Undergrad: 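Below: one structure in structure tokens.
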Amino acid sequence: MFGKGSKRRKGFQAHCIGRGGSVHENDPMAAFPEGKSEERKHQNIPNGSGASQGQWGRAWEVDWFSLASVLFLLTFSPFIVYYFIMSCDQYHCSLTDPIVDVLMGNSHLSDIWNKTPSLSWKAANIYIFWVTFQVMLYILVPDFCHKFLPGYVGGVQEGALTPAGTVNKYEINGLQAWIITHALWFANAHYFHWFSPTIIFDNWIPLLWCANILGYAASTFAMIKSYFFPSNPNDCKFTGNLFYDYMMGIEFNPRIGKWFDFKLFFNGRPGIVAWTLINLSYAAKQQELYGQVTNSMILVNVLQGIYVLDFFWNEAWYLKTIDICHDHFGWYLGWGDCVWLPYLYTLQGLYLVYHPVQLSKANAVGILLLGLVGYYIFRMTNHQKDLFRRTDGHCKIWGKKPEYIECSYTSLDGTKYYSKLMISGFWGVARHFNYTGDLMGSLAYCLTCGFGHILPYFYIIYMTILLTHRCIRDEHRCSSKYGKEWKRYTTAVPYRLIPGVF
């Protein structure tokens with residue numbers, strides 16, 4: 001979720017909110033094809049059965065540590081977002097000055113709150129129009145991009161098998177929605193002049209309250225829906241713990257009607273479509289305040305724009321990621337995609353409005369290359385994985401037939417499965433080399449801001465912690481699953497992220 005993740009996506013996964021999250025999940029187990037034994041076929045397994053419990057999504061029982069983590073995130077995540085945005089608005093992007101002010105008695109918490117712009121009708125109307133427009137693009141305009149863009153997969157696509165044995169269909173039209181939205185944005189800026197291009201920045205904090213309202217409303221509605229009118233009762237998980245169920249979600253694929261899927265909409269729209277518009281609004285504000293747009297702001301727009309376009313170009317592939325295949329829809333995804341993603345993933349552009357940085361040509365070129373190389377590694381690593389999976393290893397990676405380690409595991413119902421763990425190409429360099437590319441791109445975003453404040457470096461710090469934890473978590477799961485054969489794999493590919501280091 002709040003992943004990018006990553007996109008990344010995405011977080012607190014990389015897309016959902018992020019990028020690792022995200023938006024492009026890739027654990028070692030799922031990175032390579034899993035061939036099933038010939039006698040085994042998909043079955044409709046009632047949710048709650050033994051076979052299902054070990055394979056899908058969130059927990060069935062909540063331990064004290066999980067509950068404490070949930071309560072911490074529910075309580076403090078909204079304050080973290082507010083603190084970052086308030087620091088820019090009132091303290092010129094310093095994260096320490098608000099604390100020092102309060103501790104020294106120069107200011108009180110009530111003073112800071114009273115200086116914070118409140119919800120306005122203007123912001124509410126902007127946000128309602130924005131979300132309504134994205135809903136209309138999502139459910140009313142069938143995709144036409146796949147008809148004339150070679151290599152793009154759009155239109156009606158099937159998702160993965162759900163725990164209850166359902167295969168949902170999705171209208172993949174995110175790229176189309178992004179193109180239409182941005183075409184109208186530029187048409188307004190150059191011809192129609194219905195509103196100022198700085199409109200997002202000018203209403204940034206009032207819009208934050210709107211985003212929170214939508215995030216909480218969507219999460220609460222999804223929870224109520226799961227009790228009274230779920231889309232598929234067999235795809236619901238109840239732990240009996242209200243806080244955990246609210247955060248992690250109960251229903252696997254909540255839908256309204258045939259096409260409005262909560263997970264696909266909130267993961268991809270409105271937050272990620274808005275990402276590039278937010279950066280454009282920051283650039284417009286720079287132009288208004290200083291008479292120019294700095295090369296650092298241009299780099300942020302270009303590099304993050306590449307990532308956003310990559311997400312929508314590969315939206316059909318996203319149907320196979322952990323966000324769609326494993327996560328239930330709750331506050332974790334609903335609020336995270338409405339608030340965490342658009343407000344914390346765009347901090348670099350916001351910072352550059354308050355602290356414009358004009359990079360030297362050498363530094364600008366170096367940062368651009370870092371971002372592009374990181375994107376290339378990220379994309380090609382995932383491409384090699386997908387190619388290997390689609391062809392069951394009958395392909396060429398870097399001009400040669402890929403090497404792999406064959407292994408097997410037994411599911412809870414006693415069925416034996418077989419997998420191939422690739423050790424060629426980028427997957428032979430490190431076990432999560434796509435994460436490495438992701439982190440290179442994240443670092444490039446932050447470096448555009450110079451070294452005056454730590455605030456714009458939140459993103460790389462957050463992503464490093466997130467993806468490192470994900471590496472360790474996923475490898476522990478794979479070690480338990482594959483046993484000695486996983487040891488053979490880690491011996492063949494000894495490093496997780498950085499060859500020779502980690």
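These numbers were taken from a predicted model, which means no experiment stands behind them.
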Undergrad: Classify the angle between the aromatic ring planes of Phe144 and Phe148 as parallel (below 30°), tilted (30 to 60°) or perpendicular (above 60°).
TA: parallel
Undergrad: Determine whether the aromatic ring centres of His92 and His355 lie less than 6.0 Å apart.
TA: yes
Undergrad: If we ignore angles and hydrogens, is there a donor and acceptor under 3.5 Å between the side chains of His146 and Asp143?
TA: yes
Undergrad: Is the Lys NZ or Arg CZ of Arg255 less than 6.0 Å from the centre of Phe229's six-membered ring, within 45° of the axis?
TA: no
Undergrad: Nearest 0.5 Å please: distance from the CD1 atom of Ile85 over to the CG atom of Leu350.
TA: 5.5 Å
Undergrad: Tell me if the centroids of the rings in Tyr83 and Phe79 come within less than 6.0 Å of each other.
TA: no
Undergrad: Below 4.5 Å, heavy atoms only, C-beta onward: do Thr346 and Trp204 meet side chain to side chain?
TA: yes
Undergrad: With a 3.5 Å distance limit and no angle check, can you tell me whether Lys263 reaches the backbone of Cys325 through a side-chain donor-acceptor pair?
TA: no
Undergrad: Atom CD in Glu171, atom CD in Glu315: separation rounded to 0.5 Å?
TA: 9.5 Å
Undergrad: Does the side chain of Thr220 pick up a donor-acceptor pair with the side chain of Tyr246 at under 3.5 Å?
TA: yes
Undergrad: Might you point out which heavy atoms bring Asn212 and Trp335 nearest each other, and give the distance in Å?
TA: OD1-NE1, 2.8 Å
Undergrad: If you count the non-hydrogen atoms of other residues, nucleotides and ligands that lie under 6.0 Å from CZ in Phe133, is the total more than 12?
TA: yes
Undergrad: For a quick test of reading the model, state the closest non-hydrogen atom pair linking Leu140 to Pro142 and the distance between them.
TA: O-CD, 3.3 Å
Undergrad: How far apart are the closest heavy atoms of Ile367 and Leu359, and which atoms are they?
TA: CD1-CD1, 3.8 Å
Undergrad: Any heavy-atom pair between the side chains of Pro356 and Met297 that's under 4.5 Å?
TA: no
Undergrad: Centres of the Tyr244 and Trp331 rings: under 6.0 Å?
TA: no
Undergrad: On a heavy-atom basis, which atom in Trp259 and which in Tyr138 lie closest, and how many Å separate them?
TA: O-OH, 3.3 Å
Undergrad: Distance alone, cut at 3.5 Å: any donor-acceptor contact between the side chains of Tyr91 and Asp101?
TA: yes
Undergrad: Is the shortest side-chain heavy-atom distance between Leu95 and Phe84 below 4.5 Å?
TA: yes
Undergrad: Taking the side chain as everything from C-beta on, heavy atoms only, tell me whether Glu158 gets closer than 4.5 Å to Leu319.
TA: no
Undergrad: ring-ring contact (aromatic ring centres under 6.0 Å, His included) between Phe311 and Tyr318: does it pass, once the steps are laid out?
TA: CA-CA 8 Å; Phe311 172 84; Tyr318 180 68; 5.1 Å; yes
Undergrad: Going by atom types only, do Asn279 and Asn301 share a side-chain donor-acceptor pair under 3.5 Å?
TA: no
Undergrad: We want to know whether Asn232 and Thr166 form a side-chain donor-acceptor pair, criterion being a heavy-atom distance below 3.5 angstrom.
TA: yes
Undergrad: Report yes if the side chains of Tyr457 and Leu447 come closer than 4.5 Å at any heavy-atom pair, otherwise no.
TA: yes
Undergrad: Determine, for Asp310 against Arg379, whether the closest basic-nitrogen to carboxylate-oxygen distance falls under 4.0 angstrom.
TA: yes
Undergrad: Looking only at side chains, do Thr448 and Gln348 share a donor and an acceptor under 3.5 Å apart?
TA: no
Undergrad: Please give me the minimum heavy-atom distance between Trp209 and Leu119, naming the atom from each residue.
TA: CD1-N, 3.3 Å
Undergrad: Kindly give the heavy-atom pair with the smallest separation between Asn295 and Ala364, and that separation in Å.
TA: ND2-CB, 4.1 Å
Undergrad: Should Pro117 and Asp89 count as side-chain neighbours, where that means a heavy-atom distance under 4.5 Å?
TA: yes
Undergrad: Taking atom types as modelled, find out whether Thr276 and His182 have a side-chain donor-acceptor pair closer than 3.5 angstrom.
TA: yes
Undergrad: Is there side-chain contact between Val102 and His108, with at least one heavy-atom pair below 4.5 Å?
TA: no
Undergrad: What orientation do Tyr354 and Phe201 show, parallel under 30°, tilted 30 to 60°, or perpendicular over 60°?
TA: tilted
Undergrad: Below 6.0 angstrom between ring centroids: does that apply to Phe329 and Phe252?
TA: no
Undergrad: Might you work through the side chain to side chain donor-acceptor pair (under 3.5 Å) test for Thr198 and Gln287, ending with a clear yes or no?
TA: CA-CA 10 Å; Thr198 66; Gln287 179 68 42; over 6 Å; no
Undergrad: Just verifying a value: how many Å separate Ile377 CD1 and Asn382 CG, rounded to the nearest 0.5 Å?
TA: 12.0 Å
Undergrad: Parallel, tilted or perpendicular: which one describes the rings of Phe186 and His190, with boundaries at 30° and 60°?
TA: parallel
Undergrad: What distance separates Ser442 OG from Ile461 CD1, expressed to the nearest 0.5 Å?
TA: 12.0 Å
Undergrad: With rounding to the nearest 0.5 Å, note down the distance linking CH2 in Trp185 to CD1 in Ile199.
TA: 7.0 Å
Undergrad: Could you tell me if the side chain of Trp313 sits less than 4.5 Å from the side chain of Leu149, heavy atoms only?
TA: yes
Undergrad: Thinking salt bridges, do Asp245 and Lys237 make one under a 4.0 Å N-O criterion?
TA: no
Undergrad: Give, for atom CZ of Arg473 and atom OG1 of Thr468, the distance between the pair rounded to the nearest 0.5 Å.
TA: 12.5 Å
Undergrad: Evaluate whether atom OH of Tyr376 has more than 12 neighbouring non-hydrogen atoms of other residues, nucleotides or ligands under 6.0 angstrom away.
TA: no
Undergrad: Please work out which of the three classes, parallel, tilted or perpendicular, describes the rings of Trp194 and Phe192, given edges at 30° and 60°.
TA: parallel
Undergrad: Does either side chain, that of Tyr127 or that of Asn203, offer a donor lying less than 3.5 Å from an acceptor on the other one?
TA: no
